[in-house]
Amino acid sequence: MNLRYKLFTAFLGLIIIPLFILGMIMFIVTYNSIEKKYSQQSEYSLKAISYSISGVFKDMNNVTDNGIATSVFHMALSAEDPSEQDLTDAEQLSLNASQRNFRSLLYNHPSISYAFLYNFNGKGSSEIVSVFNKENFRTLPYDKFKGSELYQEVMELNGVPKWVAPHEYPELTGTEPVFTQIRLVKELSFFQNIGILVVQIKNWEFESIFRNLKIGDSDQKVSFMLVNDDGMILFDPDRKLDGRDFHSFTTKSFAFQEGFQSFKTEFDGEKSILSVYHLKDYPWSLVSITSWDSLSREVTVFARWFVVVIFLCLLGAVLFNLFFMNRITGGIAVIVRFMRRVEDGDLTTRVEEKGSDEMTLLAKGFNDLMDKINSLFNRIHVEQRRKNQAEMRVLQAQIKPHFLFNTLESINVLAVQNEGLKVSEMVYRLASILRISIQDRDEITLEEEVTHLRNYLDIQKFRFEDVFDYEIEIPGELLGCGILKLTLQPLVENSIQHGFEGIGYKGLVSIKAWEERGNLVLRIEDNGIGMTSDQLGMFQYMVSDPGDSSELAAMGQPEHGIHQERRGLGLRSVADRIRIEYGDRYGIFICAGPGEGTIIQCVIPKYGQGEDHYAKSIIG
């Protein structure tokens, strides 16, 4: 069977037929599990409504919190009747201002319908401080309110707002469908209870929340309502079932409890899915009632559209096979075969160019692309090698002036002190060091590096005879290992120049080496002053440098920062050279603390001099 029939058969067997079977299974499963699917959707919707309702309550809580925090309610409750006292003009103006503040706080809020205060210290008519009157509503006297369970609950909340829904306490809130906040007001200076605030908010925000929420299309019959834990319908956006018992409309008996619950039942004589979500922090539940017939109709429409889509896919597959497949499958198969060779790593493969159609242009383009890729790989390889060599030269050049400066400074001091023999010995050892430094080889044996290090340490001992001692413990079998030259000396130099600065005891530098997991580990340890965490942070390497000292000065950075950058030059250069030569798996690690000395551990691959360590590091 040729590629054309294979592709057509594969298209039918792997796409069309499985898609049709999958669609049938999805239709059956969806139809049978529609209750579960819609319950999840209802849960998200009810949670969204609950967040919106809680937002309205929180907004009003913030308003009354602000009134308490700014002592607006306190001033209103503590204000005496002007007719019963002799007030000066200034006191009268202050009283009027406090009352205006109290009223403007509530009047200016668009959601507030009615508000008043119960005054604990008032008598008679002064027990109730009214903000504004409400038509056809008489405020519940304080004595009757004090004897209710609601009063006890408000007192136990101790200032936390208590929200009352419509129809729950009509003797206090009236018969209008409004939500009421009741909270204890305290005098903030002594935290004394001075009154109770009652604020009613309009229900237009709640109507807006329910009106703007719609699940599915306009044909889906969905209704929402708010019910308390006793089953009383507190809020029905359609104003049909307010104040009625919810259980009288459904045949299923259930309790309003914490969390979410959903089930299929009859509501008001119609089969429906009933979903209930209990609001957090409030004794109320949000209920959604969705007609089962409207949900089933949506699944049927989905099935019809699915059949149409499957038919169009099948028709398109037949037409594509008849008019296009024969013309392109042959050439594509050849190109694909050669591309697989490239994927396997054969970059020398080429497609035979024959004919004059578009497939020949494709084959020619493939061959040109492979030629460019090979040329690019070769160029990148050469450029990368040159870059690495240039970086190595720059890093080594950073070390040589740094070391020569310190050594020549020591020789100069001895010459001033007329120490001729010591000057001669130091010049001899310096010549030995320079002999290794100027060699064309980047790598030397560990034995040569140790000799180079001893010469350096002896030079320093000439000048700082009583400042430090050193000890070198390196097994003889490791002396033949290859190592980048000028690796140990900058690390030891760091301990001498900075670790022993200002110490009142004799310093000790210990150099050790051992093999671990195929690597050569070199440790330089001193008993000097150590380093702080800020100083350790200066030795992070292979990050973008801000520039040389002149650039830093031009940028306005302090000279102290330039000195700190130079101070870590030797350590950083060694770390960078190791990374460039051996890869990111190797480098130096520093452990130090103030007054606890410093440990510098250098990890490089172990190999004999002359071996191809680069290949080993790539494989490793």
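- Annotation: side chain of V509 is in contact with side chain of I511 (closest heavy-atom distance under 4.5 Å).
- Note that CG of L446 and CD1 of I474 are 5.0 Å apart. Values are rounded to the nearest 0.5 Å.
- The side-chain tip of K506 does not point at the ring of F468 from less than 6.0 angstrom away and within 45° of straight on.
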Verdict with reasoning, L478 to L520, per side chain to side chain contact (heavy atoms under 4.5 Å, CB included): CA-CA 8 Å; L478 299 180; L520 179 61; 3.9 Å; yes
Derivation and outcome, side chain to side chain contact (heavy atoms under 4.5 Å, CB included), residues V63 and M60: CA-CA 5 Å; V63 172; M60 185 53 56; 4.2 Å; yes
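- Side chain to side chain, E443 and Y607 meet the donor-acceptor criterion of an N or O pair below 3.5 Å.
- Atoms SG and CD, on C591 and E596 in that order, are 8.5 Å from each other to the nearest 0.5 Å.
- A heavy-atom distance below 4.5 Å is found between the side chains of V521 and Q601.
- In terms of heavy atoms, G530 sits closest to Q535 at O-OE1, 4.2 Å.
- Each of T487, I588, I578, L484 was compared with I604 under the side-chain contact (heavy atoms from CB on, under 4.5 Å) criterion, and only I578 meets it.
- Between the side chain of N374 and the backbone N or O of M370 there is at least one donor-acceptor pair closer than 3.5 Å.
- In terms of heavy atoms, V467 sits closest to F500 at CG1-CB, 4.2 Å.
- When atom types are taken as modelled, the side chain of R579 and the backbone of D584 share no donor-acceptor pair closer than 3.5 angstrom.
- Between the CD1 atom of I444 and the NZ atom of K485 there is a distance of 7.5 Å, given to the nearest 0.5 Å.
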Stepwise side chain to side chain contact (heavy atoms under 4.5 Å, CB included) check, S54 with Y282: CA-CA 9 Å; S54 298; Y282 302 99; 4.2 Å; yes
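- Dense packing is recorded around NZ of K186, with more than 12 heavy atoms of other residues, nucleotides or ligands lying under 6.0 Å away.
- Side chain of Y586 to main chain of E581: no donor-acceptor pair is present (N/O by atom type, distance under 3.5 Å, no hydrogens or angles).
- V185 places none of its side-chain heavy atoms less than 4.5 Å from the side chain of N193.
- Of all heavy-atom pairs spanning A415 and V423, the tightest one is N-CG2, 3.7 Å.
- One finds the CD atom of E425 at 11.5 Å from the CG atom of L430 (value rounded to the nearest 0.5 Å).
- In this structure, a donor-acceptor pair under 3.5 Å is absent between the side chains of N519 and Y582.
- Between the side chains of E493 and Q489, a donor-acceptor pair is found at a separation under 3.5 Å.
- The neighbour count for L421 CG, taken as heavy atoms of other residues, nucleotides or ligands under 6.0 Å away, does not exceed 12.
- In this structure, D65 does not pair ionically with K58, as no charged nitrogen and carboxylate oxygen lie closer than 4.0 Å.
- Using a cutoff of 4.0 Å between basic side-chain nitrogens and carboxylate oxygens, R454 and D458 are not scored as salt-bridged.
- Remark: the backbone N or O of L486 is paired with a side-chain donor or acceptor of E449 at under 3.5 angstrom.
- Residues I380 and L376 have side chains in contact (heavy-atom distance under 4.5 Å, counting atoms from C-beta outward).
- Minimum heavy-atom separation, G480 to T445: O-CG2, 4.4 Å.
- Using a 4.5 Å heavy-atom threshold, the side chains of I600 and F589 count as separate.
- There is a side-chain donor-acceptor pair under 3.5 Å between Q181 and T64.
- Scanning both residues, P475 and A513, for their nearest heavy atoms gives CD-O, 3.3 Å.
- Looking at R523 and W514, their side chains come closer than 4.5 Å, going by heavy atoms from C-beta outward.
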Chi angles and distances behind the side chain to side chain contact (heavy atoms under 4.5 Å, CB included) call for M531, T598: CA-CA 7 Å; M531 287 185 284; T598 302; 3.8 Å; yes
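- Remark: side-chain polar atoms of N527 are paired, donor with acceptor, to backbone N or O of L508 under 3.5 angstrom.
- Under the 4.5 Å side-chain criterion, counting only non-hydrogen atoms from C-beta, Y44 is not in contact with I49.
- In this structure, E473 and E471 approach most closely via the heavy-atom pair OE2-OE2, 4.0 Å.
- At a threshold of 4.0 Å, the pair D368-K364 counts as salt-bridged, since one of the basic side-chain nitrogens sits closer than that to a carboxylate oxygen.
- Interatomic distance, K512 NZ to E525 CD, rounded to the nearest 0.5 Å: 6.5 Å.
- Summarising the geometry, atom CD1 belonging to I599 is positioned 8.5 Å from atom CG belonging to D526; distances are rounded to the nearest 0.5 Å.
- In this structure a side-chain-to-backbone donor-acceptor pair under 3.5 Å is present from S50 to K47.
- Contact check for Y470 versus K461: side-chain heavy atoms found under the 4.5 Å cut-off.
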